[in-house]
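Below you'll find the structure, written out as structure tokens, and then a few comments.
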Amino acid sequence: MKKWKQAFKIAFKGILLIILLASTFAYAMFQGGFVSWFLFYSFVPFALYSFLLLLYPFRDFKVERIIDRSNVKAGDHVPVTIRMTRSFPFPLFYMVVEDILPSSITDHSECKPVKKIIFPWFRKTIELSYLINHIPRGEHLFRVVRCTIGDPLQLIEREKMFSYESHLLVYPSYVEMVYRPLESRYDQGMVHSTLRIQRDTSLVTGVREYQPGDRVSWIHWKAFAKKNELMTKEFEEKRSHDVWLLLNREQSEAFELLVKFAASVTRAVLKHGAQLGVYSVGEEYTILPLNGGDEQKQKVFYHLAKVKDNFPDSFQQVIRSFQQEVPTTVSVLILTTSMTPFMIKEFHRFTSVGVFLIKRDGEPLKREEKIAMNEAKLKGTLVKVLREHDFSHAFAEVKNA
């Protein structure tokens with residue numbers, strides 16, 4: 001249907017152009033004189049150009065979009081270049097090029113439609129560049145470039161939509177912070193973390209009496225020779241502060257802040273040398289098992305780049321399923337934009353848990369959130385209310401026990 005409409009529009013403009021040309025010729029014939037014939041001959045080149053523009057094969061154009069995709073994170077300025085090439089150098093007086101931005105950008109940022117006018121003339125390669133300011137986090141798919149050409153008198157105007165898909169994944173922004181484990185004192189009370197203990201057999205710190213289950217290789221033979229009793233070496237204990245992140249993906253206006261804080265915590269925990277896992281439930285079910293290093297950071301950031309606040313049910317259901325999937329003896333950081341007393345009752349089952357309640361600037365706490373915080377204080381559960389300017393100091397109150 002669109003093709004028929006476009007063909008009818010071109011035909012109508014062609015007929016209108018013939019009528020105008022015939023009108024100026026008839027005026028010159030009947031009126032006579034220099035002025036009337038001057039008007040006719042002056043109009044002929046424009047009419048001829050317009051006819052040729054109607055016949056110009058728009059399909060001769062090839063369009064591509066070049067985007068700098070290297071480590072783009074939310075809030076960055078992204079340069080984009082539209083490159084158009086053609087084989088036949090027909091003179092084009094002007095061209096309006098519009099890159100149709102995806103709704104994932106226009107609906108969540110101040111980015112406006114990108115439309116620019118250029119004057120190509122005989123050029124075979126046409127390039128124009130623009131900048132997307134403060135690009136939002138997410139997965140963005142660019143699909144269409146709209147081009148419009150016309151004659152100087154704007155009697156004829158042709159439009160063509162060029163399909164060219166470009167994929168851009170924007171990672172969440174983050175702030176620098178120093179992570180400190182949860183086996184620490186807070187203003188809200190005492191929170192202890194059950195840590196996975198490993199023995200470094202290369203560092204002997206002392207000896208003790210032999211106990212059933214000790215390895216034979218741990219026996220201190222010199223002490224045995226002196227006391228004539230089996231003695232076992234004591235080794236230095238290494239503690240591993242592994243962390244699970246539990247994300248509340250209920251719909252919230254503060255969800256982008258939650259994602260930013262999750263990215264910041266991920267960098268800080270992995271930089272600290274601990275292992276990190278992520279439990280995230282929305283319309284899809286995502287579990288990233290405990291791991292460390294840059295590879296784990298890439299996996300978490302990739303998930304955070306695409307994650308949405310699309311969990312249709314209550315976060316309490318996520319907590320129950322989380323407890324079934326993850327051992328209650330690990331250290332858990334729960335990131336949420338809302339909180340209820342019932343959630344606090346569920347949290348206490350974990351040996352070590354910290355709850356970070358993310359709020360926008362100026363957003364007050366709800367009554368049930370205040371009740372939940374009081375209950376958490378009585379139970380010794382860490383709860384911290386964070387706004388964006390507090391992120392870098394989220395673990396600042398932690399002191400080694």
Side-chain angles (χ1 to χ4, degrees), residues 68-78 134-139 168-184 186 191 193 195-196 239-249 252 254-280 282 286-309 322 326 330-337 352-360 382 384-400:
D68 184 5
R69 297 180 175 87
S70 57
N71 297 323
V72 180
K73 62 180 185 294
D76 284 352
H77 304 297
V78 180
H134 306 291
I135 191 165
R137 176 194 63 87
E139 189 175 22
L168 178 62
L169 187 64
V170 180
Y171 292 97
S173 59
Y174 53 82
V175 298
E176 295 291 341
M177 65 170 62
V178 177
Y179 169 73
R180 294 176 183 175
L182 292 182
E183 54 153 357
S184 309
Y186 294 83
V191 180
S193 175
L195 306 171
R196 188 178 63 195
R239 295 183 174 184
S240 176
H241 300 268
D242 295 341
V243 176
W244 272 93
L245 287 184
L246 174 59
L247 305 182
N248 182 355
R249 290 173 54 184
S252 170
F255 184 73
E256 289 302 320
L257 291 178
L258 184 146
V259 174
K260 182 177 181 178
F261 183 68
S264 304
V265 172
T266 297
R267 291 186 77 255
V269 170
L270 295 177
K271 189 176 180 180
H272 183 76
Q275 296 190 33
L276 179 132
V278 176
Y279 193 92
S280 173
T286 303
I287 296 180
L288 300 178
L290 283 172
N291 210 335
D294 289 337
E295 184 179 354
Q296 180 72 349
K297 186 179 77 171
Q298 283 296 111
K299 290 180 180 179
V300 176
F301 269 62
Y302 180 79
H303 172 68
L304 293 178
K306 303 176 68 174
V307 71
K308 297 180 180 179
D309 53 340
F322 175 73
V326 177
V330 299
S331 183
V332 178
L333 300 181
I334 300 173
L335 313 186
T336 180
T337 56
S352 176
V353 59
V355 183
F356 294 92
L357 182 59
I358 311 300
K359 292 293 182 180
R360 295 175 297 158
L382 166 67
K384 294 191 71 175
V385 181
L386 295 178
R387 307 185 192 277
E388 187 171 9
H389 60 273
D390 301 322
F391 285 178
S392 59
H393 310 293
F395 298 94
E397 297 179 7
V398 180
K399 298 179 181 177
N400 291 333

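In this chain, residues are counted from 1 in sequence order.
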[X] and [Y]: which non-hydrogen atoms are nearest, and at how many Å?
X      : Y      : answer
Gly277 : Leu290 : N-CD2, 3.4 Å
Val178 : Phe395 : O-CB, 3.4 Å
Pro172 : Lys73  : O-CB, 3.9 Å
Leu258 : Asn248 : CD1-O, 3.8 Å
Pro136 : Ala74  : C-CB, 4.4 Å
Gly292 : Leu270 : CA-CD2, 3.8 Å

According to side chain to side chain donor-acceptor pair (under 3.5 Å), who are the partners of [X], at least two apart in sequence or on a separate chain?
X      : value
Glu295 : none
Ser280 : Arg249, His303
Glu256 : Arg137

[atom2] on [Y] to [atom1] on [X], rounded to 0.5 Å:
X      : Y      : atom1 : atom2 : answer
Leu386 : Phe261 : CG    : CZ    : 5.0 Å
Thr336 : Ile358 : OG1   : CD1   : 8.5 Å
Lys299 : Asp294 : NZ    : CG    : 12.5 Å
Lys297 : Leu304 : NZ    : CG    : 12.0 Å
Arg267 : Tyr179 : CZ    : OH    : 16.0 Å
His393 : Lys384 : NE2   : NZ    : 10.0 Å

_Angle between ring planes, Tyr174 versus Phe301, binned at 30° and 60°: parallel, tilted or perpendicular?_
perpendicular
*Angle class for the His134/His77 ring planes (parallel below 30°, perpendicular above 60°, tilted otherwise)?*
perpendicular
*Keeping the roles fixed (side chain from Asn291, backbone from Gln296), state whether a donor-acceptor pair exists under 3.5 Å.*
no
*Any donor-acceptor pair under 3.5 Å from Lys359 side chain to Thr337 backbone*: yes
*Could you go through the side-chain contact (heavy atoms from CB on, under 4.5 Å) check for Thr286 and Val278 one step at a time?*
CA-CA 8 Å; Thr286 303; Val278 176; 6.0 Å; no
Do [X] and [Y] touch side chain to side chain, with heavy atoms closer than 4.5 Å?
X      : Y      : value
Leu382 : Val353 : no
Trp244 : Ile287 : yes
Ile334 : Phe322 : no
Leu257 : Phe391 : yes

_Does Phe255 form a side-chain contact (heavy atoms from CB on, under 4.5 Å) with Val307? I'd like the steps, not just the answer._
CA-CA 10 Å; Phe255 184 73; Val307 71; 4.1 Å; yes
*Test His272 against Val269 for side-chain contact (heavy atoms from CB on, under 4.5 Å), laying out the working first.*
CA-CA 5 Å; His272 183 76; Val269 170; 5.5 Å; no
